[in-house]
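One structure is given below, encoded as structure tokens.
Excluded from the calculations below are hydrogen atoms, water molecules and symmetry mates; all remaining heavy atoms, backbone and side chain alike, are included.
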Amino acid sequence: MNLKKRKSDIPLLVKHFIEKYSIKLGKSNLGISDDAMESLINYSWPGNIRELEHTIESIMNLKEDNLITLNDLPEHIKACKDFSLQNCIEQYEKKINRGHIKNL
């Protein structure tokens with residue numbers, strides 16, 4: 001499924017993956033903040049559903065509290081303010097060049 005064309009499905013998929021990995025990892029159901037959800041919706045998801053699932057799974061592997069926030073998201077997703085992948089890459093490269101992103 002192409003998530004770029006089905007943005008309205010992202011909240012449902014995020015909820016599904018949170019529930020799935022809560023059970024698998026033996027954690028309480030987590031919630032997600034509005035700004036984190038907005039960033040997930042705005043990202044272009046070139047890896048489609050599989051990329052979204054892996055993103056949620058990796059966050060949940062590290063989460064100790066009950067709310068996924070903007071700070072938990074990978075930089076390339078947080079940096080995306082536009083739907084185009086090219087724009088996301090350019091924004092991320094600018095942050096790297098300014099020294100805002102370290103330890104790559």
Stepwise side chain to side chain contact (heavy atoms under 4.5 Å, CB included) check, L40 with I32: CA-CA 10 Å; L40 293 174; I32 184 164; 3.5 Å; yes

Test side chain to side chain contact (heavy atoms under 4.5 Å, CB included) applied to L30 and D65, step by step: CA-CA 8 Å; L30 295 178; D65 59 6; 5.6 Å; no

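Residues passing the salt bridge (charged side-chain N to carboxylate O under 4.0 Å, His left out) test with K15 are E19, sequence neighbours excluded. Legend: residues meeting salt bridge (charged side-chain N to carboxylate O under 4.0 Å, His left out) with D34, ordered by chain and number and at least two apart, are absent. Contacts of E38 classified as side-chain hydrogen bond (donor to acceptor under 3.5 Å, both in side chains), with partners at least two apart in sequence or in another chain: none.
To the nearest 0.5 Å, atom CD of residue E51 and atom CG of residue L3 are 9.0 Å apart. L52 CG to H16 NE2: the interatomic distance, rounded to the nearest 0.5 Å, is 10.0 Å. For the atom pair CZ of R6 and CG of L12, the computed distance is 10.0 Å after rounding to the nearest 0.5 Å. Remark: I10 CD1 to K7 NZ distance equals 4.5 Å, nearest 0.5 Å. The line from CD1 of I77 to OG of S39 is 8.5 Å long, rounded to the nearest 0.5 Å. If you take CG on N61 and NE2 on H54, they are separated by 11.5 Å, rounding to the nearest 0.5 Å.
A heavy-atom distance below 4.5 Å is not found between the side chains of R50 and N48. Side-chain contact between I49 and D9: absent, with no pair of heavy atoms (C-beta onward) separated by less than 4.5 Å. In this structure the side chain of V14 never reaches within 4.5 angstrom of the side chain of I68, judged on heavy atoms.
Between the side chains of S33 and D35, at least one donor N or O lies within less than 3.5 Å of an accepting N or O.
Using the six-membered ring where Trp is involved, Y43 and W45 have ring planes that are perpendicular, over 60° apart on the 30 and 60° scheme.
The closest donor-acceptor contact from the side chain of S58 to the backbone of T55 lies under 3.5 Å. K27 places no side-chain N or O within 3.5 Å of a backbone atom of S22 that could act as its donor or acceptor partner. For K63 (side chain) and L67 (main-chain N/O), a donor-acceptor pair under 3.5 Å exists by modelled atom type.
Ionic pairing of K20 and E53 is present here: one or more N-O contacts between side-chain nitrogen and carboxylate oxygen are shorter than 4.0 angstrom.
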